[in-house]
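These notes concern the structure reproduced below.
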There are 2 protein chains.
Amino acid sequence: MRVGGAKRDQSGLGDEAQRRAPRLANSDLDYGLLKDVVGFPIKVVWILGYTLLTRTIDDPPVTPQRFSMLELIGCNPGAQQTQLGAALGLSRSATTITIDFWQDRGCVERRSVPGNRRIYGIYLTEAGRETWAALRQKVRRSDAELTKNLTPEEVGQLRGLLAKIHQ
Amino acid sequence: MRVGGAKRDQSGLGDEAQRRAPRLANSDLDYGLLKDVVGFPIKVVWILGYTLLTRTIDDPPVTPQRFSMLELIGCNPGAQQTQLGAALGLSRSATTITIDFWQDRGCVERRSVPGNRRIYGIYLTEAGRETWAALRQKVRRSDAELTKNLTPEEVGQLRGLLAKIHQ
DNA sequence: TATTGTTATACTCTATAACTATA
DNA sequence: TATAGTTATAGAGTATAACAATA
């Protein structure tokens, strides 16, 4: 079982939103039903947010998805890979690869757990804590930029409505 | 230049949301900053909506993305591929393949345009109109299901807030 | 030369399944 | 046998670039 730093090819941008022009939903065509449902504008806003955050991070391999993993690790020191993956809806193999990514960057370490040699506790390294702090600032900034047309009350409203949908 | 029906392999589900458990954001871990920004819940709701619609359509190759294209074609008869692709933020090659998909299903036809032999007008066929109508019903039903915890006023609020973000 | 559409190719991300090691 | 993690592999969807036909 490999615990040392894996090296995988991790170049490139990684997701559709990054490559997709933000002109979405601003065409002269009639969008028909797409204007009247929630699903489509949700997707458009997701792409906007994703694109904005990717630009703010300005380090293409560090995708929003990978940040989510770092955030979970930072907030839940010692969590197992299985837990982390489940929290983001990832398979075990995708989780392994995501954690490899941060480990290869020196941001995360797998510590063996006394009493159970099958599992690892995942922890930020010192360098990881710095990277994490810097990324969190960018995430906050990017999110503020995304919602710049909304008042603070409206942002609260939006989060409340979204929470009602996903419980 | 090929205009007749292309055959490509089009099995499978097609997107992350389909495969991803809807447990997202319901773990016992601390989600930290992810709880406090708009970007993450937007993604969670998008995945929920995508999963719900995919199940409602119950015909895996017909993804939400492909429905979007059919909706645009239905609402804009005779539009060019380039326009359709731009409206959804797709490259020309991805647009070609998406239209091939519907043409192979007998739902869409490419008609040559008098006076300009480089372009095609894209139209629904009679069968396409039926498929379109049936899918539209499912899209409405699925969207209603997604927002079942919201009052009609709240749905209007949500759409208004999303519109403010993407203009 | 520029535009429209097609094809070939490469790339990212994901899941499934097979595998190792532990329990 | 079951669980945690890793690796190999295949699949879907996208973009870029090269190409053909047309303007």
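Every chain is numbered from 1 and lettered A, B, ... according to where its sequence line falls, protein lines coming before strand lines. As the structure is a prediction and not an experimental result, all values here were calculated from the model.
- By the 4.0 Å N-to-carboxylate-O rule, B/Lys138 lies too far from B/Asp59 to be salt-bridged with it.
- Among C/dA15, D/dG5, D/dT22, the nucleotide with an atom closest to any side-chain atom of A/Gln81 is D/dG5.
- Where A/Ile119 and A/Ala94 each meet DNA chain D at their nearest nucleotide, the meeting point lying more 5' is that of A/Ile119.
- OP1 and OP2 of C/dT14 both lie 4.0 Å or more from every side-chain N or O belonging to A/Ser91.
- Judged by distance alone with a 3.5 Å cut-off, no donor-acceptor contact links the side chain of B/Arg117 to the base of D/dT22.
- B/Gln65 has no side-chain polar atom (N or O) that falls below the 4.0 Å cut-off from OP1 or OP2 of D/dA12.
- Residues A/Thr98 and A/Gly115 each lie close to DNA chain C; by heavy-atom proximity, the contact nearer the 5' end of the strand is made by A/Thr98.
- The residues A/Lys148 and A/Asp143 are annotated as not salt-bridged, no charged nitrogen and carboxylate oxygen being separated by less than 4.0 angstrom.
- B/Tyr50 places no side-chain N or O within donor-acceptor distance of the main-chain N or O of B/Thr63, the cut-off being under 3.5 Å.
- Atom CZ of A/Arg111 and atom C1' of D/dG5 are 19 Å apart (whole Å).
- For B/Arg111 and B/Tyr120, the positive end is not near the middle of the six-membered ring at less than 6.0 Å and at most 45° from its axis.
- For B/Ser93 against D/dT14, a side-chain-to-base donor-acceptor contact under 3.5 Å is absent.
- Rounded to whole Å, atom C1' of D/dG13 lies 10 Å from atom CG of B/Leu90.
- In this entry the distance linking CD of B/Gln83 with C1' of C/dT4 reads 12 Å, nearest Å.
- Rounding to whole angstrom units, CG of residue B/Asn116 and P of C/dA2 are separated by 17 Å.
- In this structure, CG of B/Asp100 is placed 7 Å from P of C/dT7, rounded to the nearest angstrom.
- If you take CZ of B/Phe67 and P of D/dG13, they are 17 Å apart, rounded to a whole angstrom.
- Residue A/Thr82 is classed as a sugar-phosphate contact, given heavy-atom separations below 4.0 Å to backbone atoms only.
- Taking the salt bridge (charged side-chain N to carboxylate O under 4.0 Å, His left out) definition, one finds that A/Asp30 meets it with A/Lys35, sequence neighbours left out.
- In this structure, B/Ile97 places its CD1 atom 12 Å from P of D/dA12, rounding to the nearest Å.
- Checked against D/dT3, C/dT6, D/dG13, the side chain of B/Thr63 finds its nearest nucleotide in D/dG13.
- Separating the CD atom of B/Gln80 from the P atom of C/dT3 is a distance of 13 Å, rounded to the nearest angstrom.
- Contact of A/Arg118 with D/dG5 (side chain to base): no donor-acceptor pair of N or O atoms is detected under 3.5 Å.
- At the phosphate of D/dG13, OP1 or OP2 sits under 4.0 Å from a side-chain N or O atom of B/Arg66.
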